[in-house]
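Atoms considered below: every heavy atom in the structure, side chains included; atoms not considered: hydrogens, waters and symmetry mates.
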Protein chains: 2
Amino acid sequence: MHSEAVASRSAEHRDSRESRNGTPHLDSVSLAIIEQLQEDGRRPYAAIGKAVGLSEAAVRQRVQKLLDQGVMQIVAVTDPLTVGFRRQAMVGVNVEGDVENVADALTAMPEVEYVVMTAGSYDLLAEIVCEDDDHLLDVINKRIRALPGVRSTESFVYLKLKKQTYMWGTR
Amino acid sequence: MHSEAVASRSAEHRDSRESRNGTPHLDSVSLAIIEQLQEDGRRPYAAIGKAVGLSEAAVRQRVQKLLDQGVMQIVAVTDPLTVGFRRQAMVGVNVEGDVENVADALTAMPEVEYVVMTAGSYDLLAEIVCEDDDHLLDVINKRIRALPGVRSTESFVYLKLKKQTYMWGTR
DNA sequence: GTCGAGACTTGCGGATTTCGTAGTCTTGGC
DNA sequence: GCCAAGACTACGAAATCCGCAAGTCTCGAC
């Protein structure tokens, strides 16, 4: 009875192998589940099951696995400005030597929300969330610039956040 | 009986006014609720209530209001790479004329995840999520550069995402 | 001083959801 | 051909969600 929304499940039934980079492979059903939870992280398993063509228990197992594997997390997100963090900035970093080491050091800092290695005129981009100007200055000048291997940094202080979505796949 | 975890509630009891920029004011109890949901977006209301010193019903009301006001959203977040979006980039944009207009145009594009106005050598930063190189090229060269007011752009293609958290306040 | 609004608590019952477990089916390895 | 593992279904019990009502408390307006 519940067999729309997903073309052929048996065809991709056994499908939990890993792709070469170690990230787990996601079939279309898991994708559909993620889409449901991107719309509403608290949507009940039964409703999701109806939407993707699975039983409640199956959805529950899949979601649990996705969470355990770290593929997905269900969290509350806010605009930091409304939660009392008044200064944010993106910092471009140039590195000499091993970029990954610096990236790991940045990752370890609680004020750093986001770290990505890039191709272009910076080796790394890091987003920083702070309480005020002093805090921001401290993080950038004292802590980041002091890291071994950091050649130079350039900062972009946020003036206004215009968009922030989490809806990949829902388009 | 349930009066730990929050020092004095009566002191900040009536506290639903708005600050001058239109964003609702958040008291420490709502902050605590948000923290709980940042750890686990599906945590039951009763458990949250126990943690923040409120009844289940009160937590339910507060959460609903926070969602309605748009202060917070509860969603699943993923690493786009594992969900089939193979190319991401940050784009720095320089604008002549009204920056806000360009920001709005970027906001309207589905491939654009994140838009922020900044102080520094770019006027805007935009994060782009695409399926492949062709798609990315198309968005940057055909669509963004074609926007009226865009003077120049610089791109940073993502090589590896190192960190991505949503835990403001939980520190 | 009185009154009304807003936020919270307690209590409740019913609908819904979650959770564990047992059983079925399919697939790949041997 | 047989077996073990993985994914799914089915189902009952426990927990949660949800709406509602009544009563308390505080604050600000009048």
Exercise for the section: Take atom CD1 of B:I33 and atom C1' of C:dC8, then tell me their distance rounded to the nearest Å. Expected result: 12 Å
Problem - Per B:S55 side chain, nearest of listed nucleotides D:dT9, C:dC19, C:dT10 - result: C:dT10
Exercise for the section: Could you pick out which residue, A:A58 or A:R42, lies toward the 5' side of DNA chain D when each is mapped onto its nearest nucleotide? Expected result: A:A58
Completion exercise
Closest to the side chain of B:Y45, out of C:dC19, C:dT9, D:dC17, is D:dC17
Completion exercise
B:P44 has its side chain closest, among D:dT16, C:dT18, D:dC8, to D:dT16
Practice task
Provide the full list of ring pair (Phe, Tyr, Trp, His ring centres under 6.0 Å) pairs with a residue in residues 110-133 of chain B, sequence neighbours left out, each pair given once.
Solution key: A:F156-B:Y122
Exercise for the section: May I have the distance from B:K50 (atom NZ) to C:dT9 (atom P), rounded to whole angstrom? Expected result: 14 Å
Problem - side chain to side chain donor-acceptor pair (under 3.5 Å) partners of B:R143, counting only residues at least two apart - result: B:E111
Exercise for the section: Report yes if a side-chain nitrogen or oxygen of B:K65 is closer than 4.0 Å to either non-bridging phosphate oxygen (OP1 or OP2) of C:dA7; otherwise report no. Expected result: yes
Handout entry: Any B:R60 side-chain nitrogen or oxygen under 4.0 Å from OP1 or OP2 of D:dG19
Key = no
Problem - Among D:dA7, C:dT9, D:dT9, the one nearest B:L54 by side-chain distance - result: C:dT9
Handout entry: B:K163 side-chain N/O to A:D104 backbone N/O, donor-acceptor pair under 3.5 Å
Key = no
Problem - Length of the CZ-P vector between A:R43 and C:dT17, whole Å - result: 12 Å
Exercise for the section: To the nearest Å, give me how far apart CD1 (A:I48) and C1' (C:dT16) are. Expected result: 14 Å
Exercise for the section: Could you tell me the separation between the CD atom of A:E56 and the P atom of D:dT16, rounded to a whole number of Å? Expected result: 15 Å
